[in-house]
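Structure, as structure tokens:
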Amino acid sequence: MAEIPQPGATSSIEDQIRLREQKAEQLRERGVNPYGTGVAVPHTTGIVRARHESDDAAALEANRSEDYGLAGRVMALRTMGKATFASLRDRDGDLQVFIKKDKVGDAAYELLKQIDLGDIAFARGRAMRTRTGELSIEAVEFKLLSKALRPLPEKWHGLQDVETRYRQRYVDLAVNPEVREAFRRRAALISGLRRFLDERGYLEVETPILHKPEEAGGAAARPFQTHHNALDLDLKLRIATELHLKRLIVGGLERVYELGRIFRNEGIDRRHNPEFTTVEFYQAYATHEDLMLLTELLVSRLALEVTGAAVVPYQGALIDYTPPWPRVSMAFEVARLYGVAGLDGLEKLPDAAWLAKADKDEPRKKFTHAHSTGAKIAWAFETFIEPMLRSDRPSFVIDYPIEVSPLARRRDSEPRLVDRFEAFAGGMEIANAFSELNDPRDQEARFRAQVEAAARGDVEAMPYDRDFIRALEHGMPPTAGEGLGIDRLAMLFTDSASIRDVILFPLLKPEAEEGR
RNA sequence: GGGAGCGUAGCUCAAUUGGCAGAGCAAUGGACUCUUAAUCCAUAGGUUGAAGGUUCGAUUCCUUCCGCUCUCACCA
């Protein structure tokens, strides 16, 4: 038979690719299509493992199993002359295949020489245990399905380089099992969430992602710009789903949710990706109190479903999601911090007293942007109290000032506050919810204030959405709504420090031209 | 955008005061019918992110640029 090795062959990446191409060519010459199709793959490694986990070697000898047909990536090859051990990795995991020359035949065994690590291969044979007890497939057939031209990263350390892991996620997924697990958990999180809401009579809906300029509100953020050619229309990518979902509440759907991508033209860091996933849900005739109960039930159930426990490790801490979650009053805690009596006391605090607690430049600078008592309360909370929130429990922060809550309903018993909460866990905001503002005239006034803010140069101010006012004028039932950050929850349930570890293809700067 | 750090073989990592750029895995050839980070023998693989500078000599020192990480700013 023809010899592949070339004298003077090197092992630069180009040479390795060329060698593998030559192997593919040799297989073609022997009638094997290195990129064939139509191979039935009736089983998975998981099926074999589940069926024979408790069978010992003797049992498998006495009771011959059926022949299993498996396909996957060749992750290891250990050749011992006329016997070879291969590890095949499919969606369920890895399984060893024991290939003996006298079982597969001389010709098939010879073709093994054309198999490289990383190739996609098919194996057929009964279940057995090797001398060391490892459950294996004793191959009666082993063949190439797809030739890999590039070598896999090292088997022991896997792919470590963070940048390559994100840019070439296919390699990361192929060789790093914990990455597969993280995205499995993300999928379980999303399907569990859907199930939870569906069971409670919420209707899943889809609203536009392309927003006309006047629609791109619902949050304080800068949008991405785009353009529709046929209509010659400037459009923006949505920064929230809020305003469309509330229109559906006006329309009488009563319970709706949208799970989807939103886009914010802002900085990128460990907790922020320009496109990310939220679920927003709105429930007519509910209050923010109802949503607090719903949230702690939902998140604790998801923790259990996704991770198998209600107490989940995150970055060195253990977070116990069991309800009820501790509640922290923003207004009360800030008043207590300053030793004054409630909102009345805080309103009388001079700026010098507010700043007395801040000894660093940066919070002092931020304070100059706080133009109302409410904004100062929020500043003090974020600066001094938020970092002290318990790390072993999620927390609800309640009693938000109206000045920092432009879409929330004023509280009847205390008009300086709104019926709103945010949920925090692992040092991150994971949810924001409130009883919705449904007074069209009040909403008009708040839009107007936003337009004025925009005129003053606030690039994150919302536009005046005339049609949304028209919708509210038709009457929106008293409603509570909430937004949950799916990526943040995925981080918490996978113990990921970076949002990029739970987004398959995070946004990166373009890669340099050279190199392959 | 500011600050700090990192970038060496396909992968994971070394390289002394600035003195011939190395190892393991992967690859190639050979031996081996129960290995599992297989083992053994042999071989080959480098624009040290890019460009420039200092120097007899630069992976090492300097400048600029590119990318990534952390951090600050920004950010419901």
Side-chain angles (χ1 to χ4, degrees), chain A residues 3-20 22-23 57 75-87 94 96-103 109 113 116-118 128-134 136 138 149-167 171 175 218-222 239-240 242 262 264-274 276 278 360-362 365-366 369 378 382 397 400 404-408 420 422 429-434 459-460 462 483 485 497-498 500 508-516:
Chain A
E3 288 296 319
I4 300 153
Q6 312 302 319
T10 68
S11 54
S12 68
I13 183 61
E14 291 82 7
D15 291 326
Q16 289 195 46
I17 289 171
R18 201 177 323 117
L19 270 162
R20 285 170 178 239
Q22 285 171 7
K23 289 181 183 178
M75 299 305 293
L77 274 175
R78 294 179 289 275
T79 301
M80 241 122 303
K82 299 185 183 65
T84 295
F85 295 89
S87 286
D94 293 6
Q96 181 170 266
V97 180
F98 186 23
I99 308 152
K100 285 193 286 188
K101 192 172 187 176
D102 55 12
K103 290 278 181 186
Y109 198 83
K113 285 186 181 165
D116 289 298
L117 292 181
M128 49 101 54
R129 280 194 190 274
T130 59
R131 206 164 281 167
T132 52
E134 178 160 342
S136 307
E138 184 181 55
L149 298 182
R150 289 176 182 272
L152 287 175
E154 201 214 10
K155 60 186 169 189
W156 192 237
H157 299 91
L159 179 63
Q160 299 292 326
D161 183 76
V162 179
E163 184 177 350
T164 310
R165 288 186 44 220
Y166 296 151
R167 287 197 196 280
V171 180
V175 302
R222 306 175 68 164
I239 57 172
E242 174 145 359
I262 65 176
R264 296 188 182 176
N265 207 338
E266 291 163 355
I268 299 176
D269 64 27
R270 220 169 33 160
R271 297 186 183 81
H272 298 86
N273 194 63
F276 60 107
T278 63
K360 286 190 215 121
D361 280 353
E362 173 232 313
K365 209 162 92 188
K366 273 191 184 173
H369 300 296
E382 283 164 24
V397 175
Y400 278 74
V404 297
S405 311
L407 295 163
R420 172 185 177 190
E422 285 190 0
E429 180 200 333
I430 56 171
N432 180 24
F434 36 83
V459 291
E460 294 175 350
M462 295 179 203
S498 169
R500 292 178 158 181
L508 299 176
K509 291 191 189 176
E511 136 180 61
E513 268 306 306
E514 55 192 300
R516 325 207 324 174

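Chain letters run A, B, ... following the sequence lines, proteins first, then strands; residues in each count from 1. None of the values given here were measured: they were computed from a predicted structure.
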**Fill in**
Assign each of A:A220 and A:R131 the nucleotide of RNA chain B bearing its closest heavy atom; nearer the 5' end lies the nucleotide of A:R131

**Item:** Comparing A:F85 and A:G81 on RNA chain B - which has the more 5′ nearest nucleotide
**Value:** A:G81

Please determine, for the side chain of [X], which listed nucleotide ([options]) has the closest atom?
X: A:I13; options: B:U12, B:G10, B:A76; value: B:G10
X: A:S11; options: B:C34, B:C68, B:A27; value: B:A27
X: A:E154; options: B:C34, B:A76, B:G24; value: B:G24
X: A:R167; options: B:A76, B:C68, B:C25; value: B:C68
X: A:E460; options: B:A76, B:U69, B:A26; value: B:A76
X: A:Q96; options: B:U35, B:C13, B:C68; value: B:U35
X: A:R270; options: B:G45, B:C70, B:A76; value: B:C70
X: A:M80; options: B:C34, B:A76, B:A27; value: B:C34
X: A:E266; options: B:A76, B:C75, B:U12; value: B:C75
X: A:Q16; options: B:A26, B:U35, B:G67; value: B:A26

Specify the separation, in whole Å, of atom [atom1] of [X] and atom [atom2] of [N].
X: A:L117; N: B:U12; atom1: CG; atom2: P; answer: 16 Å
X: A:R78; N: B:C25; atom1: CZ; atom2: P; answer: 15 Å
X: A:K100; N: B:U33; atom1: NZ; atom2: P; answer: 12 Å
X: A:E429; N: B:C75; atom1: CD; atom2: P; answer: 13 Å
X: A:F98; N: B:U33; atom1: CZ; atom2: P; answer: 11 Å
X: A:R271; N: B:C72; atom1: CZ; atom2: C1'; answer: 13 Å
X: A:L508; N: B:G49; atom1: CG; atom2: P; answer: 20 Å
X: A:Q160; N: B:U69; atom1: CD; atom2: C1'; answer: 14 Å

Classify [X] by what it touches in the nucleic acid, base, sugar-phosphate, or nothing, heavy-atom distance under 4.0 Å.
X: A:G158; answer: sugar-phosphate
X: A:E163; answer: sugar-phosphate
X: A:T79; answer: base
X: A:D116; answer: sugar-phosphate
X: A:D161; answer: sugar-phosphate
X: A:Y166; answer: sugar-phosphate
X: A:Y109; answer: nothing
X: A:P274; answer: nothing
X: A:M75; answer: nothing

In whole Å, measure the gap between the [atom1] atoms of [N] and [M] for me.
N: B:G7; M: B:U47; atom1: C1'; answer: 15 Å
N: B:U48; M: B:A9; atom1: C1'; answer: 10 Å
N: B:A37; M: B:A31; atom1: P; answer: 25 Å
N: B:A23; M: B:A44; atom1: P; answer: 12 Å
N: B:G49; M: B:C74; atom1: C1'; answer: 29 Å
N: B:C66; M: B:U28; atom1: C1'; answer: 35 Å
N: B:G5; M: B:C62; atom1: P; answer: 10 Å
N: B:U64; M: B:C20; atom1: C1'; answer: 30 Å

Under 3.5 Å, is there an N or O donor on one side and an acceptor on the other linking the side chain of [X] and the base of [N]?
X: A:T130; N: B:U35; result: yes
X: A:H157; N: B:C11; result: no
X: A:E134; N: B:U35; result: no

With heavy-atom distances below 4.5 Å as the criterion, would you say the side chains of [X] and [Y] are in contact?
X: A:M75; Y: A:L152; answer: yes
X: A:I262; Y: A:I239; answer: no
X: A:L159; Y: A:T164; answer: yes
X: A:I13; Y: A:P151; answer: yes
X: A:Q96; Y: A:R78; answer: yes
X: A:L508; Y: A:R500; answer: yes
X: A:N432; Y: A:R420; answer: yes

[N] pairs with, by Watson-Crick or G-U criteria that keep both distances under 3.5 Å:
N: B:C61; answer: B:G53
N: B:A37; answer: none
N: B:G45; answer: none
N: B:G1; answer: B:C72
N: B:G67; answer: B:C6

Check the phosphate of [N] against [X], side-chain N and O only, distance under 4.0 Å to OP1 or OP2. Yes or no?
X: A:K509; N: B:G67; value: yes
X: A:R150; N: B:C11; value: no
X: A:K23; N: B:U28; value: yes
X: A:K366; N: B:C74; value: yes

**From A:F276 atom CZ to A:R271 atom CZ, the distance as rounded to the nearest 0.5 Å** = 14.0 Å

**Intermediate values then yes/no, salt bridge (charged side-chain N to carboxylate O under 4.0 Å, His left out), A:R222 and A:E266** = CA-CA 7 Å; A:R222 306 175 68 164; A:E266 291 163 355; over 6 Å; no

**Item:** Residue A:K103 excluded, over 12 heavy atoms near NZ under 6.0 Å
**Value:** no

